[in-house]
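What follows is a single structure, written as structure tokens, with notes after it.
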Amino acid sequence: MEDATIDIINLRLRTYIGFNPEEISKQQDIVINAQISYPAGNACSSDEATQALNYKTITKAMITHVEQGNFKLLEKLTADLLEITMASKLVTRAKVTVEKPHALRFADSVSLTLSAKRN
């Protein structure tokens with residue numbers, strides 16, 4: 001059986017992100033999307049929560065980090081969230097995208113994506 005993929009879609013949070021004066025002084029909206037893969041064979045056959053990846057724990061850690069953080073760059077925030085996602089030894093691959101709506105005048109948003117794979 002191939003790895004299962006969990007998608008966390010449009011997790012909307014607020015944080016301090018940026019380095020311009022107006023970005024430093026007030027929180028801004030961000031949108032997080034994450035794709036997390038893990039071997040789910042045991043969870044599929046046993047139907048036991050203890051055999052599955054606890055995506056709620058990962059999401060809560062992301063929320064805490066974002067809401068308590070202060071970031072200059074999307075790169076740093078995205079890297080931190082990817083590290084949180086990869087912290088579980090069950091995770092084999094992960095991809096995290098952080099979107100900053102209205103960051104550019106004529107664009108809906110700007111986003112940055114990072115991914116990692118366990119050897």
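The figures that follow rest on heavy atoms only: side chains count, while hydrogens, waters and symmetry mates do not.
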Taking every non-hydrogen atom, the tightest pair across Ile24 and Gly18: CG1-O, 4.1 Å
From CD1 (Ile9) to CD (Gln35), nearest 0.5 Å: 9.0 Å
Measure across Pro101 and Ser109 and return the closest heavy-atom pair with its distance rounded to 0.1 Å. CA-CB, 3.6 Å
Looking only at heavy atoms, the pair that brings Ile84 and Ala61 closest together is CG2-CB, 3.7 Å
Please check if Leu81 and Leu112 belong to a single hydrophobic cluster, counting links between Ile, Leu, Val, Met, Phe, Trp and Tyr side chain heavy atoms closer than 4.5 Å. yes
Donor-acceptor pair, side chain of Arg93 and main chain of Ser37, under 3.5 angstrom: no
What's the spacing between Tyr38 OH and Asn54 CG if we round to 0.5 Å? 10.0 Å
Same cluster or not: are Leu11 and Val110 linked, directly or through other Ile, Leu, Val, Met, Phe, Trp or Tyr residues, by side-chain heavy atoms under 4.5 angstrom apart? yes
Can you tell me if Ser46 and Gln51 form a side-chain donor-acceptor pair at under 3.5 Å? no
Heavy atoms of other groups near Glu2 CD, more than 12 under 6.0 Å: no
When you look at CG of Asp7, are more than 12 heavy atoms from neighbouring residues, nucleotides or ligands closer to it than 6.0 Å? yes
Here the gap from Lys89 atom NZ to Leu53 atom CG, rounded to the nearest 0.5 Å, amounts to 13.0 Å
Supply the atom-to-atom distance Glu83 CD to His65 NE2, rounded to the nearest 0.5 angstrom. 8.5 Å
Quick check: is Val31 connected to Tyr55 through a chain of hydrophobic side chains (ILVMFWY, heavy atoms under 4.5 Å apart)? no
Ignoring hydrogens, what is the shortest heavy-atom contact between Met62 and Ala34? Give both atom names and the distance. CE-CB, 4.1 Å
Audit row: Arg12, Asp29, side chain to side chain contact (heavy atoms under 4.5 Å, CB included) steps and yes/no: CA-CA 7 Å; Arg12 298 175 194 280; Asp29 295 329; over 6 Å; no
Rounded to the nearest 0.5 Å, what separates atom NZ in Lys95 from atom CD1 in Ile36? 12.5 Å
Which of these passes side chain to side chain contact (heavy atoms under 4.5 Å, CB included) with Phe71: Val98, Asp80, Ile30? Asp80
Could you state the interatomic distance from CD1 (Ile58) to CD1 (Ile63), rounded to the nearest 0.5 Å? 12.0 Å
Does Asn20 CG have over 12 foreign heavy atoms under 6.0 Å away? yes
Between Val96 and Thr78, which heavy-atom pair has the shortest distance, and what is it? O-CG2, 3.5 Å
Looking at Ile17, is its backbone amide N or carbonyl O close enough to the side chain of Thr15 to form a donor-acceptor pair, meaning the two atoms are under 3.5 Å apart? no
What pair of heavy atoms forms the shortest contact from Arg14 to Gln27, and how long is it? NH2-O, 2.9 Å
